[in-house]
Amino acid sequence: MKNVYGLTLKHIVDERGALVIAEMGSGMPFEMRRVYYISQVPGDVRRGFHAHRQLQQVLVCVSGSCKIDVDDGSVRETISVSGVGQAMYIGPYVWHEMFSFSEDCVLLVLADDVYNEEDYIRDYSAFVNEVALR
Ligand code: TYD
């Protein structure tokens, strides 16, 4: 699917544990301007339900696991996110919903811009219509 792909962040694992690095030139596809994380999500909750017009994000479970439905307006896929250094890139015009959060899940999101509600499309029909006009 366009604007969605898995990526592996630089990671160093040894007997002392795991070190994961999000750094330009070492796997990060853009310069970050915002970091946020989602945690303590009840197992039956779905979040997201939006797409962005411009924002690029990299999502990584720094603890636990979750699933993400990604949808380009015609095709929907489910992606599992877990594992040391394993991350998911989500770019513009990808409707996404996060679910199946494990109890210990901490979903870290690295974004290329600050929060801007005007960049959000929060209505699925509006999203499909806007995608069709592109
Ligand atoms: P929301 O988009 O509903 O979260 P999710 O995509 O995980 O379902 O965001 C929840 C609230 O937090 C909403 O009022 C917008 C606000 N918010 C910020 O103020 N800054 C941010 O960087 C983010 C991601 C959300």
Side-chain angles (χ1 to χ4, degrees):
M1 187 181 296
K2 198 174 164 234
N3 286 351
V4 178
Y5 58 85
L7 74 157
T8 303
L9 298 172
K10 184 178 175 184
H11 55 283
I12 300 165
V13 182
D14 60 28
E15 58 287 349
R16 300 169 303 151
L19 172 65
V20 181
I21 303 137
E23 181 182 32
M24 291 305 293
S26 302
M28 263 307 284
F30 52 75
E31 289 185 20
M32 287 163 260
R33 296 195 69 199
R34 176 167 52 115
V35 175
Y36 63 93
Y37 61 88
I38 296 165
S39 62
Q40 301 173 32
V41 181
D44 59 350
V45 164
R46 292 178 80 96
R47 303 187 58 125
F49 295 95
H50 63 255
H52 292 282
R53 297 186 172 93
Q54 295 195 331
L55 191 71
Q56 303 184 83
Q57 301 190 102
V58 165
L59 293 79
V60 49
C61 282
V62 295
S63 170
S65 61
C66 71
K67 291 181 180 170
I68 305 175
D69 275 352
V70 288
D71 183 326
D72 65 3
S74 47
V75 176
R76 184 170 282 232
E77 287 172 19
T78 301
I79 293 156
S80 295
V81 190
S82 68
V84 172
Q86 298 310 303
M88 185 59 52
Y89 170 89
I90 298 182
Y93 288 98
V94 177
W95 184 268
H96 51 283
E97 299 172 18
M98 296 85 84
F99 64 104
S100 281
F101 287 82
S102 63
E103 212 174 302
D104 59 344
C105 181
V106 179
L107 178 64
L108 181 73
V109 184
L110 313 170
D112 77 342
D113 208 351
V114 296
Y115 175 76
N116 173 14
E117 187 57 37
E118 288 179 10
D119 186 59
Y120 281 72
I121 308 168
R122 291 193 185 269
D123 178 81
Y124 186 73
S125 315
F127 165 69
V128 172
N129 290 339
E130 204 166 315
V131 165
L133 291 172
R134 293 182 78 220

Is the closest side-chain heavy-atom distance between D69 and R46 below 4.5 Å? yes
Shortest non-hydrogen pair, R122 vs G48, comes out as NH1-O, 4.5 Å
When rounded to the nearest 0.5 Å, the distance separating CG of L59 from SG of C66 is 7.5 Å
Taken to the nearest 0.5 Å, the spacing of Q86 CD from T8 OG1 works out to 4.0 Å
Quick one: are V131 and D72 in side-chain contact, heavy atoms under 4.5 Å?
no
*Determine whether S80 and S65 make a side-chain contact, defined as any pair of heavy atoms from C-beta on separated by less than 4.5 Å.*
no
**OP:** Verify the neighbour count for atom OH of Y89: are there more than 12 heavy atoms of other residues, nucleotides or ligands below 6.0 Å?
**Re:** yes
Item to check | Close side-chain approach of V58 to M28, heavy-atom, < 4.5 Å | outcome: yes
Next on the checklist: Assigning hydrophobic clusters by single linkage (Ile, Leu, Val, Met, Phe, Trp, Tyr; side-chain heavy-atom cutoff under 4.5 Å), is L9 placed with Y37?
Outcome noted: yes
*asked:* Closer than 4.0 angstrom, basic N to acidic O: yes or no for R53 and D119?
replied: no
Checklist entry - For S63, does its backbone N or O pair with a side-chain atom of D104 as donor and acceptor, under 3.5 Å? => result no
When every non-hydrogen atom of N3 is compared with those of P92, the smallest separation belongs to ND2-O, 2.8 Å
Correct closest heavy-atom pair for Y36 and R34 would be CE2-NH1, 3.5 Å
The reported gap from CH2 in W95 to CG in D123 (rounded to nearest 0.5 angstrom) is 6.5 Å
Value for CG (D71) from CE (M1), rounded to nearest 0.5 Å, stands at 6.0 Å
Count I, L, V, M, F, W, Y as connected when their side-chain heavy atoms are under 4.5 Å apart, and connections chain through other members. Are M98 and F49 then in the same cluster? no
Interatomic distance, OH@Y5 vs CD1@I79, rounded to 0.5 Å, equals 12.5 Å
Residues passing the ring pair (Phe, Tyr, Trp, His ring centres under 6.0 Å) test with Y120, sequence neighbours excluded, are H50, H52, Y115
message = With a 3.5 Å distance limit and no angle check, can you tell me whether D113 reaches the backbone of L55 through a side-chain donor-acceptor pair?
response = no
Note to self: Do Y93 and Y124 sit in one hydrophobic cluster, given that two such residues count as connected whenever their side-chain heavy atoms are within less than 4.5 Å of each other, even indirectly?
What the structure shows: yes
Smallest heavy-atom separation, V84 atom then A18 atom, equals CG1-CB, 3.9 Å
- prompt: More than 12 foreign heavy atoms under 6.0 Å from CD of E118: is that the case here?
  reply: no
Report yes or no: do V106 and I68 belong to one cluster of Ile/Leu/Val/Met/Phe/Trp/Tyr joined by side chain heavy-atom distances under 4.5 Å?
no
Rounded to the nearest 0.5 Å, the CD1 atom of I21 sits from the CG atom of L19 at a distance of 4.0 Å
Is V114 reachable from F30 through a run of hydrophobic residues whose side-chain heavy atoms are each under 4.5 Å from the next? no
Here the pair of heavy atoms bringing F101 nearest to I38 is CE2-CG2, 4.2 Å
Closest non-hydrogen atoms of C61 and V81, given as atom of the first, atom of the second and distance, are SG-O, 3.3 Å
